[in-house]
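Here's the structure we're looking at; comments come further down.
Since we're looking at a predicted model, the values are computed, not measured.
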Amino acid sequence: MNPDARCPCLSGDTYSACCGRFVDGGQAAPTAVQLMRSRYTAFAVGATDHLLTTWHPATRPADLDLDPAQQWRRLDIVGHARGGLLDQEGTVEFRAHYRFGGRPGVLHERSRFVRDEGRWVYLDGVHLED
């Protein structure tokens, strides 16, 4: 992805200043919300390595095959609890808007994040109804 393009997470920053440093640069996201944004961006750009690396080993799939026909359009962070610089766990509720087969859709989830060896990782999530 062009490092000067707007980040797919729609933070308003460029990709390199926002999620690119986590997705491509190997930096660890300092908060659960930043990790959530970088994981959404990884889905949007097809960066499966970042997704697998930031998935807790207990719940991580053996491999991940993303469908390029699914186009991720917008991320809305609805809320979060904990997940800060000094926390060991946190939750992030989000709505991820997409198009698949020409039809719009929304993934609404409350995701749980924990620290594993000092780095934030995605543990699991609960799908929520709108």
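The only member of His56, Arg112, Arg115, Arg60 that meets side-chain contact (heavy atoms from CB on, under 4.5 Å) when paired with Val121 is His56.
Using a 4.5 Å cut-off between side-chain heavy atoms of Ile, Leu, Val, Met, Phe, Trp and Tyr, with links allowed through other members, Phe100 and Leu66 fall into the same hydrophobic cluster. Phe43 and Val126 are not part of a single hydrophobic cluster, where members link through side-chain heavy atoms under 4.5 Å apart.
Between the side chain of Asp87 and the main chain of Glu89, no donor-acceptor pair closer than 3.5 Å is present. A donor-acceptor pair under 3.5 Å is absent between the side-chain atoms of Asp76 and the main chain of Val78, judged by distance alone.
Distance SG/Cys7 to CE/Met1: 6.5 Å, rounded to 0.5 Å. To the nearest 0.5 Å, atoms NE2 (His97) and CD (Gln71) are separated by 15.0 Å. How far CZ of Phe94 is from CD of Glu109: 4.0 Å, rounded to the nearest 0.5 Å. Remark: Arg6 CZ to Thr14 OG1 distance equals 9.5 Å, nearest 0.5 Å. Rounded to the nearest 0.5 angstrom, Tyr122 OH and Thr53 OG1 are separated by 15.5 Å. Rounded to the nearest 0.5 Å, atoms CG (Leu10) and CD1 (Ile77) are 10.5 Å apart.
Shortest non-hydrogen contact noted between Cys18 and Asp13 is CB-CB, 3.8 Å. Minimum interatomic distance between Phe113 and Leu35 (heavy atoms only, all atoms of both residues): CD2-CD2, 3.7 Å. Taking every heavy atom of both residues into account, Ser111 and Met36 meet most closely at OG-SD, 4.3 Å. Annotation for Tyr15 and Pro8: closest pair CD1-CD, 4.0 Å, computed over non-hydrogen atoms. Here the shortest heavy-atom pairing between Gln34 and Ala29 reads C-CB, 4.0 Å. Leu123 and Trp55 get closest at one heavy-atom pair: O-NE1, 4.3 Å.
Using a 4.5 Å heavy-atom cutoff, the side chains of Thr91 and His80 are not in contact. Side chains of Val114 and Gln88 form no contact here, defined as non-hydrogen atoms less than 4.5 Å apart. In this structure, Arg37 and Ser11 have side chains that are in contact, with non-hydrogen atoms separated by less than 4.5 Å.
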In a table with atom names and distances, give each donor-acceptor pair under 3.5 Å that connects a side chain of residues 44-52 to protein atoms at least two apart or in another chain.
{"residue": "His50", "atom": "ND1", "partner": "Phe22", "partner atom": "O", "Å": "3.4"}
{"residue": "His50", "atom": "NE2", "partner": "Ser38", "partner atom": "OG", "Å": "2.9"}

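The salt bridge (charged side-chain N to carboxylate O under 4.0 Å, His left out) analysis of residues 93-106, with sequence neighbours excluded, yields the pairs Glu93-Arg110, Arg95-Asp130.
Remark: Tyr98 engages Trp72 in a ring-ring contact (aromatic ring centres under 6.0 Å, His included) (not counting sequence neighbours).
Side-chain atoms of Thr54 and Arg39 form a donor-acceptor pair, as typed in the model, at a separation below 3.5 Å.
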